[in-house]
Amino acid sequence: MSLLEMEKKWQSKWEEARIFYSDPKKMKKFFVNFPYPYVNGFMHLGHSFSLMRAEIFARYKRMRGYNTVFPFGFHATGTPIVAAAERVKDGEKSQIEILEKMDVPKELIPKFSDPEFWVKYFPQKSIEDLKLLGLCVDWRRSFITTSLNPFYDKFIKWQFNKLKEKNFVVKGEHPVTWCPKCNNPIGDHARLEGEGITPEEIILLKFKFNGKILPAATYRVETVFGVTNMWINPEFKYVEAEVDGEIWIVSPIAADKLTNQKHDIKIIRELDPNDLIGRTCENPLTGNKIPILPATFVSPEIGTGIVMSVPSHAPYDYIALKDIQSNPLKYGVSETLVKNISPIPLIIVEDFGKNPAIELSEKMGISSQEDVDMLEEATNIIYKKEFHQGVLNEKTGKYEGVKVSDVKKVIVNDFINSGIATLFYELPGKVTCRCLSKGVVRIVSDQWFLAYGNSEWKDLAKKCLAQMNIYPEKARKQFEYVLDWLKDWACTREFGLGTKLPWDEKWVIESLSDSTIYMAYYTLAKYFEDPSYNINPKKLDDYFFDYIYLNIGNIDEVTAKSELPKELISEMKEEFEYWYPFEFRNSGKDLIQNHLSFCIFNHVAIFPENLWPKGFGVNGWVLVDGEKMSKSKGNFYTIRQIVSMYGADAARITLMNGGEGLDDPNWDSEFARTITDKLKNWHDFCIENYGKGRTEKLYIDRWFLSVLNKTIKETTEAMEETNFRTALSKGFFGLQRDLKWYLKRCLNSPNKEVISEAIKIQTLLLAPFTPHICEEIWEKIGFKSFISNAAWPEYREYMIDKISEESEYYIEDVVNDIREIINILSRGELKALEKIEIFTAEDWKWELIELVRNKENIGEATKTAMSKEEFRKNAKDVNLIIQKCFKNRYFPEKFNEKEVLNEAKSFLKEEFKTKINIDPLEDPGNDRKKSLPRKPGIHIYFM
RNA sequence: GCGGGGGUUGCCGAGCAUGGCUAAAGGCGAUAGACUCAAGAUCUAUUCCCGCAGGGGUCCAGGGGUUCAAAUCCCUUCCCCCGCACCA
C-alpha cells in the first residue's frame, strides 16, 4: 500500500469512527485551538506550522488521557474580501489572475464578485485541505464569522453589549487615511501606492502676521526658539481663509486638508505670495520679528505650504538661506533684509558642534536647495541624532538641559494649551486610492474604541497573563510589554463584512475586535451548526448568552424566550462549562501585539477568573529552504500543494522538525523528500520484527530497555513544553540510532519482548507527528483500536540501568579506538586484519584512581601515590594517569572491564571481521602497560 | 530610538540558566566503499588541520576578563531578525 493510500484509508476510518468528535465526558479535558484563518484564499505553509503545533499538542494530550477538543473556525470579517470581490466585479485583471493562480476553476471566477461566495468557497476548501493533512479537528464546531452567520452575529453583539456595560467601549476620534472621492478610508489593500503609510501627527505653530496667522507645520516644535525667518514658495498661490474664527494664510491644498481635520474653514480670497515676501511676522513664542522669504523647496502639498526656518538644525533651511544671502536680488529681496540673519543653535549633540545642519551640509557638499536626496538624508541624520541624543540649551528657557526625546511631548502640550500651536496630521508619503485619487488625512469623529488604555482593565489583563502558561516561556516578556503599551483600539469600521455595532448600526465591528473570545463560541457552534437542533437565531439575544456563559438569569425564562427545549439549553450550558476555559491557543508571534493580547483583555472583561485563558503558544514564521516565503520568490506553497508533493505524514514531520521556540522554523524540502523513506522503512521494520526474536535475555537487552525508558522520559518532557523538534530529535532520530546500535550489538538477533516493546514505543512516540503510518503499523502488529486513542508510553524509572549504559559507552569507546588505529595505520587502503588483542588495565591502576579521587590537586595526589611502594615503581605511568584524571576532572568508577569486553566479544568479532583476544596471556609487545582504566591497551595485527 | 530574540564547525541546527567525559548531538549536503547492468534507495566509513598505534594543534561573531578549566560566567564592540498597531 502506498503512503497516499494509507493516508486516505485512515482519514476515512477516523471520520467514520468520529474519533475526533469530542463531547463532554467524565474525564479531564484539554481544549486546543488556533486563530481562525481569514478566508480570502487557500491555506498555505505559513498557516500550517502554527496550526500543526496545536494539532500535535492535541494529539499528544489525547494520548495522555485527556478528553481533547480541537475546533476550527474561519474568519471573514473585514474589508479585504469585499474589496477583492469588488475588483472581480470590475473585471480587474490582477485580481482575477490571483484567483487563477490559486487554481480556482475558471468558470467559478465570476462568482467571486460576490463576497459571500468567497466565504462559502474557501472555508470548504480549507476543510478539505486540513483533512488531507490529517488534523484531529472536531469539524462539527466549524463556523464562519460576520452577519452571514446569524448565530455568531448575535454572539458578537452580546460581547459588545457586555463591554459597553462595563464602559470598556468608549467614543472618540482618530485620524485615518481617506479618499475624498470614494468618501471612505483607504485601507492598505485598496491602495495603488503608499502601502503601510499612516497619518503622522505634526504641529502647526501660529506665527503672527498683521492680526492674521501664518501656520508653520513642523515635526520639531522644540526648534521654534531658533526660527530666523519664514519660507514660502514664490511660485504658487496661497489663500487667506477663516479657520475656527481666526484668519490663516495657507496653501490651497492645506486649506482642503484642514477641512478634513475638523476645522471650520471659509476661504476669503486668493493671495499672491509676493505680497508676503519681504514682510515680517512675529514668532509667537519669542516675539521676535522675522522676515518672510521665498524658497523653492517649500511644497504647497506638504503641511501648510508655510515653513519656519531653523538654519542651525535644518539643512534645507540653511542651504536656502545661504542661497538667498549670496544673491538676494535673484530672489527679489533686499540685501539688508537677509544679510544679518544668522543661525541660532538650540540643541547640543555630542558628535556635532553648535550648528549641526551647517556642519553636515558642508561635509556632504550640498550646494543647492535642489539637491533633494542629499538634503533628505542630512535632515534624517540630524533629526535622529538630535531627537535621541540632543539636549536643549539656554535659548529654550525653562526647557534648558532636558533631552529632546524627553521634552518633546511636554512642549507640544504647553504650546497647544497656550494657544500658539495646534495639532495637524500629515501623510508621510503619497497614498493613492484605487480610484486614482490622492489620499488625505481625515479625522473620523464618533469612532468607537476598546479602552485597552484603561488601567484597571490593564491590571486585570496582567493578572490573567501571570497565571497563564506561555510556550515558550521566553515570550512572556513580550506579552508583558505589550499589555503595558496597548492603547485604546479603534474597534469599528464603516465598511466591510462583520457584525454591526448593536447600539450604533452605522458601524461594523472591526476584524480583530470580533475575534477575541470566540473560543467560547466553539462550545456552542456544535449545536448552532447542526440544523437538526432547529435553533432560531432570531430568538437568541443577550439573555441567552448571559445564561450559558455567565450563569445570569434562569432556565425557565431562557426556555420561554428561545423556544428551545430545556434539556438542550442545559446541555449547551454544561458543554460550555465543561470545555471552558481553553488550555492552549497557538499562533505566530506576530499576533502577540494584537490578537493574543486582545484575547486576554476581552476575556478578563467579560468572564470570571475561572474562565480566563490558560495558555498561549507562539512561534516564528516559516522559512522555505532558508528563505522567506513569498509569492514573488516563487516559493509560496499551499497546504494542498505540500500534501500532494510529499504526503501528509512527511509534511507534518517536516514542519515540526523545522524548528521550535521563537526562531523562525524552516521548511526543508530535502528533509521532506528523504523522510518518507525513513518512515516507510520503519513501517517495514515493524512488520518484519514485531513479535519475533529470541527468548533468551542478554545483557544488551537491559541496556536497550534502559535507553528506551530514558527516551520516553526526555521525549515526554519536550512534548509537555511544546518543544516538538526536540521531541522528534530524542524520540525518533535518537531512538532510531540506539535501536541500530542495539541490533548491531545483539548481532541482529533481538530479544522478542524487547524488540516488540521498542516497536510499540517508537510508533507511539511518533504517532502525534505521523499518525497515518503509525495507525497502519499499529493495525498490522495486531492492535484493534486506533493508535490515535492509544496511551502515551509511561516512563519506568526502574528500567533505567546506569551501569549497563556506562558499560556500553565503554564498548563504543573501544570500538572507536580500534577503528581509529586501523584508519591511521591503513591510511584509507584496506588491509586485512589477522587479529585484535585487547588488554584491560591492571588492578593497581584502578586502585590508584580510588586513592587520588578526592585529592585537592595534582601535587597532593602525586605525593600520596608516591608514598606507596607499588606505585613508586611505576612512577611514569602513575604520573600519566593522575594527570589525565585531573585534567578532565574525570575519575572513572571501577567496573569489570574484562567481563564487559567478553560479553561484547562476538559483537567485536563481527564488527571487525577478525579474531578478538581479550587479555591474552602472551604479551610480546608489552601492550598491557599502555592500558588505562576504561581505556584498554589495543594491539592490531594485520595479515 | 524603544522592547524582544539571535550570531556555533559546508548548510540547518543542539549545547549554552547546573563551566570540566565538547572537535562540539542530530539532520541535510559532500567524499569513498558495498550492493546494482545502471540510476535511485539502502548499508558502512570519512567530512577543522596535522599524524604509519588510539596522539597533537586551532576552534563556537570580534576584543578583554574571571577560573586549575569557558561555546558555556562577567564586561565591551560589531552584526542579523521581529514588533512599535487601528491591518488580516
Side-chain angles (χ1 to χ4, degrees), chain A residues 35 37-40 75-81 174-177 185 187-189 195-196 198-199 384-385 387-389 405 447 449-450 472 474-482 484-493 510-513 515 588-595 620-621 623 625-626 628 657-664 666 668-671 673-675 677-678 680-681 725-726 728-730 732-734 736-737 740 809 813-814 816-828 830 856-858 886-892 925 927 930 934-940:
Chain A
Y38 188 65
V39 291
N40 62 343
H75 198 205
T77 310
T79 51
I81 288 175
H174 87 128
V176 296
T177 312
D188 265 348
H189 52 274
E195 251 185 70
T198 55
K384 276 202 170 144
K385 263 250 147 52
F387 178 77
H388 296 299
Q389 296 169 18
S405 55
Q447 167 69 266
F449 290 88
L450 287 169
K474 258 182 192 166
R476 185 181 296 279
K477 276 189 189 167
Q478 192 77 352
F479 275 102
E480 284 167 354
Y481 180 78
V482 170
D484 251 331
W485 153 97
L486 271 177
K487 298 191 274 279
D488 294 358
W489 175 267
C491 63
T492 53
R493 292 296 117 87
E510 170 272 341
S511 70
L512 284 170
S513 303
S515 336
K589 61 184 173 186
D590 49 324
L591 296 193
I592 295 175
Q593 53 275 354
N594 47 51
H595 168 72
W621 290 345
L623 302 174
D625 295 323
K628 259 192 189 155
N657 190 57
E660 63 191 13
L662 288 174
D663 295 338
D664 290 341
N666 184 37
D668 184 344
S669 300
E670 203 51 42
F671 180 92
R673 195 178 58 75
T674 51
I675 194 69
D677 287 314
K678 288 202 172 77
K680 192 117 182 43
N681 290 342
R725 188 193 163 107
T726 303
L728 275 176
S729 146
K730 306 265 186 203
F732 181 53
F733 297 107
Q736 287 289 314
R737 214 183 86 214
K740 223 155 103 181
Y809 285 133
D813 285 346
V814 171
N816 287 336
D817 274 356
I818 294 174
R819 188 164 285 142
E820 191 173 347
I821 297 168
I822 295 174
N823 280 341
I824 292 163
L825 294 182
S826 59
R827 282 225 157 181
L830 276 175
E856 285 284 310
N857 52 48
I858 296 184
F886 277 86
K887 191 184 157 207
N888 298 322
R889 296 276 145 160
Y890 176 61
F891 302 85
D927 292 296
K930 288 186 221 153
R934 233 197 145 274
K935 193 165 178 62
I938 294 164
H939 197 120
I940 294 176

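Note that the structure is a prediction, hence the values are computed from the model and not measured. First the proteins, then the strands, lettered A, B, ... as listed; each starts at 1.
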Need one value for [X]: base, sugar-phosphate or nothing, where a base atom within 4.0 Å counts as base even if backbone is also close, heavy atoms only.
X: A:D625; answer: nothing
X: A:E670; answer: sugar-phosphate
X: A:G937; answer: base
X: A:P936; answer: base
X: A:T726; answer: nothing
X: A:L486; answer: base
X: A:K680; answer: nothing
X: A:I940; answer: base
X: A:H174; answer: sugar-phosphate

I'd like the [atom1] distance from [M] over to [N], given in whole Å.
N: B:C35; M: B:A41; atom1: C1'; value: 11 Å
N: B:U8; M: B:A61; atom1: C1'; value: 10 Å
N: B:A34; M: B:A39; atom1: P; value: 12 Å
N: B:C84; M: B:U46; atom1: P; value: 50 Å
N: B:C28; M: B:U22; atom1: P; value: 23 Å
N: B:A45; M: B:G83; atom1: P; value: 45 Å
N: B:C59; M: B:G10; atom1: P; value: 15 Å
N: B:G56; M: B:G62; atom1: P; value: 25 Å

Nearest of [options] to any side-chain atom of [X]?
X: A:L825; options: B:G54, B:C87, B:A53; answer: B:A53
X: A:Y481; options: B:C2, B:G51, B:G29; answer: B:C2
X: A:R673; options: B:G54, B:G27, B:A41; answer: B:A41
X: A:W489; options: B:C86, B:A53, B:G26; answer: B:C86
X: A:K935; options: B:A85, B:G55, B:A14; answer: B:G55
X: A:W621; options: B:G83, B:C87, B:G27; answer: B:G83
X: A:R737; options: B:A25, B:U46, B:A85; answer: B:A25
X: A:D677; options: B:A41, B:G54, B:A14; answer: B:A41
X: A:N666; options: B:G4, B:G29, B:C12; answer: B:C12
X: A:Q593; options: B:G83, B:C28, B:C86; answer: B:G83

Pairing check on [N]: which nucleotide meets the Watson-Crick or G-U wobble criteria with it, both distances under 3.5 Å?
N: B:C11; result: B:G27
N: B:C21; result: none
N: B:G54; result: none
N: B:G40; result: none
N: B:C84; result: B:G1

Flag the pair [X] / [Y] as yes when at least one side-chain heavy-atom distance between them is below 4.5 Å, and no otherwise.
X: A:D664; Y: A:K589; value: yes
X: A:T492; Y: A:E510; value: no
X: A:D625; Y: A:D668; value: yes
X: A:I592; Y: A:H595; value: no
X: A:E480; Y: A:D484; value: no
X: A:N657; Y: A:F732; value: no
X: A:P199; Y: A:T177; value: yes

Atom [atom1] of [X] and atom [atom2] of [N]: how far apart are they, to the nearest Å?
X: A:I592; N: B:G3; atom1: CD1; atom2: C1'; value: 11 Å
X: A:E820; N: B:C50; atom1: CD; atom2: C1'; value: 13 Å
X: A:F733; N: B:G26; atom1: CZ; atom2: C1'; value: 8 Å
X: A:F732; N: B:A25; atom1: CZ; atom2: C1'; value: 16 Å
X: A:D484; N: B:G83; atom1: CG; atom2: C1'; value: 15 Å
X: A:I675; N: B:G26; atom1: CD1; atom2: P; value: 15 Å
X: A:W485; N: B:G1; atom1: CH2; atom2: P; value: 19 Å

Self-check item: Earlier contact from the 5' end, RNA chain B, for A:K589 and A:D668
Solution: A:D668
Quiz item: Which sits closer to the 5' end of RNA chain B, A:D817 or A:N681, going by the nucleotide each is nearest to?
Solution: A:N681
Within the structure, does a side-chain N or O atom of [X] lie under 4.0 Å from either OP1 or OP2 of [N]?
X: A:K740; N: B:U44; answer: yes
X: A:R493; N: B:C87; answer: yes
X: A:R725; N: B:A14; answer: no

Exercise. Count the heavy atoms of every other residue, nucleotide or ligand shown that sit under 6.0 Å from NZ of A:K730, and state whether that count exceeds 12.
Key: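 Atom NZ in A:K730 is not crowded, with 12 or fewer foreign heavy atoms closer than 6.0 Å.
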Practice problem: Answer syn or anti for B:A53, where the cut-off is 90° from 0 on the glycosidic torsion. | Solution: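 Base orientation relative to the sugar is anti.
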Quiz item: Do A:K680 and A:D677 sit within salt-bridge range, that is, some charged N less than 4.0 Å from a carboxylate O?
Solution: no
